[in-house]
Every structure is written in structure tokens, then in C-alpha cells.
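My structure is below; once you've seen it, I'll send some questions.
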Amino acid sequence: MGLMDLVKKAFLGATDEENRKNKEKMRAIFNDSVPNGDDYKLIYCHSEDTTNAVVVKVTKHSNFIVGYKEGEVVVIAVSPDLSEYDNPIVFNKDNGSNTETRLGYCRVYNEKYSFQFEPITYAPGIAKGAKHSVAITQSGSEVAEFRNFFKKGL
């Protein structure tokens with residue numbers, strides 16, 4: 001890893017090579033899990049849930065591959081290194097699902113499942129939660145398109 005890669009890793013959360021490989025892995029995971037996976041646009045999202053107890057504070061980090069296309073959203077929970085992933089959860093009008101945005105977060109929900117997550121443009125490698133995030137960078141326009149999709153609704 002050269003000096004520029006170290007700088008990119010520290011400030012962008014991923015080197016060009018890591019970014020490319022992780023985007024390819026995300027697409028492979030999604031396409032393996034969802035029929036006609038190439039029909040969906042993909043974005044990486046992160047969620048942090050903090051619980052304050054009297055003695056201890058617990059923070060749970062979650063990572064998601066979120067695929068979306070007109071009328072449908074698919075969420076797949078993944079590990080930070082993309083080595084493990086859950087079964088896809090499909091949200092559409094047929095199963096009573098809705099989407100919404102608020103304060104930078106996107107939410108998709110129905111009677112059975114609910115996810116609130118933040119689409120990430122980048123997670124700096126020097127940031128506190130960086131080790132819990134997928135090493136990836138996404139453009140501001142990718143994130144804006146995703147947020148607009150959620151704002152518009154299914």
C-alpha cells in the first residue's frame with residue numbers, strides 16, 4: 001500500500017482497490033440473493049443503535065446492502081468485511097411497505113420488519129466507528145438519488 005493509498009484509507013475509508021473490490025462483492029452478494037439482481041441500484045448503508053443503561057452504554061453497528069428499483073426495496077444485512085450476510089428482506093406495496101426520510105436517515109418498514117439506516121458517502125478510516133463499517137466510498141450523487149427515492153416512496 002503506497003502513501004496515497006494510506007491517505008485515501010485514512011480520509012476516505014477505502015483505497016481505490018478496496019472500494020472496487022467491495023462494490024464487486026456487494027453486487028455478487030446481492031445478485032446471488034435476489035433474482036434479477038442487476039435490475040436494482042445498490043447502495044451501502046450503516047446503522048448505529050445505542051442503548052444507555054445505568055452502568056453501561058452499548059452501541060450496535062449494522063451494515064446493509066440496499067437494492068432499490070421502482071416499487072421495491074431489498075435489504076441484506078452484511079458483516080463489515082462482507083464475508084457473511086443474511087437472507088434478503090423485500091419491501092414493496094404488495095406486503096404493505098413504506099419508505100420515508102428524516103434527519104439524514106432513510107427508513108423502510110412494514111408490519112413485520114423495520115430498518116432505519118444512513119446511506120454513507122464515505123466513512124473516514126480514522127473515524128471512531130470505521131472498523132465497524134464496510135470500506136467503501138459512494139458519491140454524493142449516488143446518496144442523493146437514494147434519498148430522493150426514499151422520499152418519493154414506493
Review point. Roughly how far, to the nearest 0.5 Å, is CD of E70 from NZ of K152?
Key: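 Here the interatomic distance stands at 3.5 Å.
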Exercise for review: List for me each residue that meets salt bridge (Lys or Arg N to Asp or Glu O under 4.0 Å) alongside E100, sequence neighbours excluded, and say none if there are none.
Suggested key: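 Result, salt bridge (Lys or Arg N to Asp or Glu O under 4.0 Å) vs E100: R102, R107.
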Review point. Do V90 and Y113 sit in the same hydrophobic cluster, where Ile, Leu, Val, Met, Phe, Trp and Tyr count as joined when their side-chain heavy atoms come under 4.5 Å apart?
Key: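 V90 and Y113: separate clusters.
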Point to revise | Counterpart residues, side chain to side chain contact (heavy atoms under 4.5 Å, CB included), relative to S83 (two or more places apart) | key: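 Scan of S83 (side chain to side chain contact (heavy atoms under 4.5 Å, CB included), adjacent residues dropped) gives S79, D81.
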Point to revise | Shortest non-hydrogen contact from P80 toward N63 | key: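 In this case the closest contact between P80 and N63 is CG-ND2, 3.6 Å.
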Point to revise | For P88, side chain to side chain contact (heavy atoms under 4.5 Å, CB included) partners two or more places apart | key: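 Testing P88 for side chain to side chain contact (heavy atoms under 4.5 Å, CB included), a comparison that skips the adjacent residues, returns S33, V34, V74, I76.
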Practice item. State which residues pass side chain to side chain contact (heavy atoms under 4.5 Å, CB included) with D39; sequence neighbours excluded, sorted by chain then number. Key: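 Side chain to side chain contact (heavy atoms under 4.5 Å, CB included) check on D39 returns N36, K69.
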Practice item. Begin with the C-alpha distance, continue with both residues' side-chain angles, and end with the deciding distance and a verdict on side chain to side chain contact (heavy atoms under 4.5 Å, CB included) for V108 and N98. Key: CA-CA 6 Å; V108 62; N98 293 293; over 6 Å; no
Check your understanding: How would you list, by chain and number, every residue that makes a salt bridge (Lys or Arg N to Asp or Glu O under 4.0 Å) with K21, sequence neighbours excluded?
Key ->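 Salt bridge (Lys or Arg N to Asp or Glu O under 4.0 Å) list for K21, sorted by chain: E17.
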Exercise for review: For ring-ring contact (aromatic ring centres under 6.0 Å, His included), just list the numbers for Y68 and F146, CA-CA rounded to whole Å, side-chain angles, deciding distance to a tenth of an Å, and then say yes or no.
Suggested key: CA-CA 8 Å; Y68 64 102; F146 177 74; 5.2 Å; yes
Exercise for review: Give a yes or no on whether the backbone of A135 and the side-chain of E18 come within a donor-acceptor separation of less than 3.5 Å.
Suggested key: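 No, E18 side chain to A135 backbone: no donor-acceptor pair under 3.5 Å.
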Practice item. Just jot down the side-chain hydrogen bond (donor to acceptor under 3.5 Å, both in side chains) partners of N19, sequence neighbours excluded, or say none. Key: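 Checked N19 against side-chain hydrogen bond (donor to acceptor under 3.5 Å, both in side chains); matches are T137.
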Exercise for review: State, to 0.1 Å, how close S97 and N110 come at their nearest heavy-atom pair, and which atoms those are.
Suggested key: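 Heavy-atom minimum between the residues: OG-ND2, 3.2 Å.
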Review point. Is there a side-chain contact between N95 and N92 (heavy atoms, below 4.5 Å)?
Key: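 A side-chain contact exists here, since the closest heavy-atom pair is under 4.5 Å.
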**Study point:** Taking every non-hydrogen atom, the tightest pair across R27 and G37
**Key:**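 Looking at all heavy atoms of both residues, the closest pair is NH1-O, 2.8 Å.
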Review point. Residues two or more places apart in sequence or in another chain: which of them pass side-chain hydrogen bond (donor to acceptor under 3.5 Å, both in side chains) with S139?
Key: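 With neighbours one apart ignored, the set is S141, E142.
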Check your understanding: Ignoring hydrogens and geometry, is there a side-chain-to-backbone donor-acceptor pair from N148 to A144 under 3.5 Å?
Key ->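 Such a contact is found between N148 side chain and A144 backbone.
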Check your understanding: Should I136 and I43 be counted in the same cluster of Ile, Leu, Val, Met, Phe, Trp and Tyr side chains packed under 4.5 Å apart?
Key ->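 They do not share one cluster, since no chain of ILVMFWY contacts under 4.5 Å joins I136 to I43.
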Point to revise | Transitive ILVMFWY side-chain link I120 to V134, under 4.5 Å | key: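 Result: yes, single cluster for both.
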Point to revise | side chain to side chain contact (heavy atoms under 4.5 Å, CB included) partners for T101, two or more places apart | key: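 Checked T101 against side chain to side chain contact (heavy atoms under 4.5 Å, CB included); matches are C106, F150, K151.
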Check your understanding: Side chains of D49 and S62: closer than 4.5 Å at any heavy-atom pair?
Key ->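 Result no, sub-4.5 Å side-chain heavy-atom pair not found.
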Check your understanding: Relative to each other, are the rings of F64 and F115 parallel, tilted or perpendicular (30° and 60° limits)?
Key ->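 Perpendicular, since the angle between the ring planes exceeds 60°.
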Review point. So Y44 and S133, side chain to side chain contact (heavy atoms under 4.5 Å, CB included) or not? Walk me through it.
Key: CA-CA 10 Å; Y44 161 69; S133 299; 3.5 Å; yes
Check your understanding: Taking the six-membered ring for Trp, are H46 and H61 parallel (under 30°), tilted (30 to 60°) or perpendicular (over 60°)?
Key ->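 H46 vs H61 ring planes: tilted.
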Practice item. Report the residues that fulfil salt bridge (Lys or Arg N to Asp or Glu O under 4.0 Å) with E84, sequence neighbours left out, ordered by chain and then residue number. Key: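 Salt bridge (Lys or Arg N to Asp or Glu O under 4.0 Å) check on E84 returns nothing, list empty.
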Review point. Excluding sequence neighbours, so at least two apart, what forms side-chain hydrogen bond (donor to acceptor under 3.5 Å, both in side chains) with K60?
Key: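 With sequence neighbours excluded, K60 shows a side-chain hydrogen bond (donor to acceptor under 3.5 Å, both in side chains) to no residue whatsoever.
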Practice item. For residues I65 and L42, determine if any side-chain heavy atom of one lies less than 4.5 Å from a side-chain heavy atom of the other. Key: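 Result yes, sub-4.5 Å side-chain heavy-atom pair found.
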Practice item. Measure across V66 and C45 and return the closest heavy-atom pair with its distance rounded to 0.1 Å. Key: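 Smallest interatomic distance, heavy atoms only, reads CG2-SG, 3.9 Å.
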Exercise for review: Taking the side chain as every heavy atom from C-beta outward, state whether E72 and F91 have any pair of such atoms under 4.5 Å apart.
Suggested key: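 No, every pair of side-chain atoms sits at 4.5 Å or beyond.
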Practice item. Please check if M26 and V78 belong to a single hydrophobic cluster, counting links between Ile, Leu, Val, Met, Phe, Trp and Tyr side chain heavy atoms closer than 4.5 Å. Key: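 Linked within one cluster.
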**Study point:** side-chain hydrogen bond (donor to acceptor under 3.5 Å, both in side chains) against D38, all qualifying residues, sequence neighbours excluded
**Key:**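 So D38 forms a side-chain hydrogen bond (donor to acceptor under 3.5 Å, both in side chains) with N31.
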Review point. Got a sec, which hydrophobics cluster with Y105, joining ILVMFWY side chains under 4.5 Å apart, including via others?
Key: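 Under the 4.5 Å side-chain rule, Y105 groups with nothing.
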Review point. Which heavy atom of F149 sits nearest a heavy atom of T99, and at what distance?
Key: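 Looking at all heavy atoms of both residues, the closest pair is O-OG1, 4.4 Å.
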Point to revise | Exercise: identify the closest heavy-atom pair between F117 and V75 | key: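 Closest heavy-atom pair between F117 and V75: CE2-CG2, 4.1 Å.
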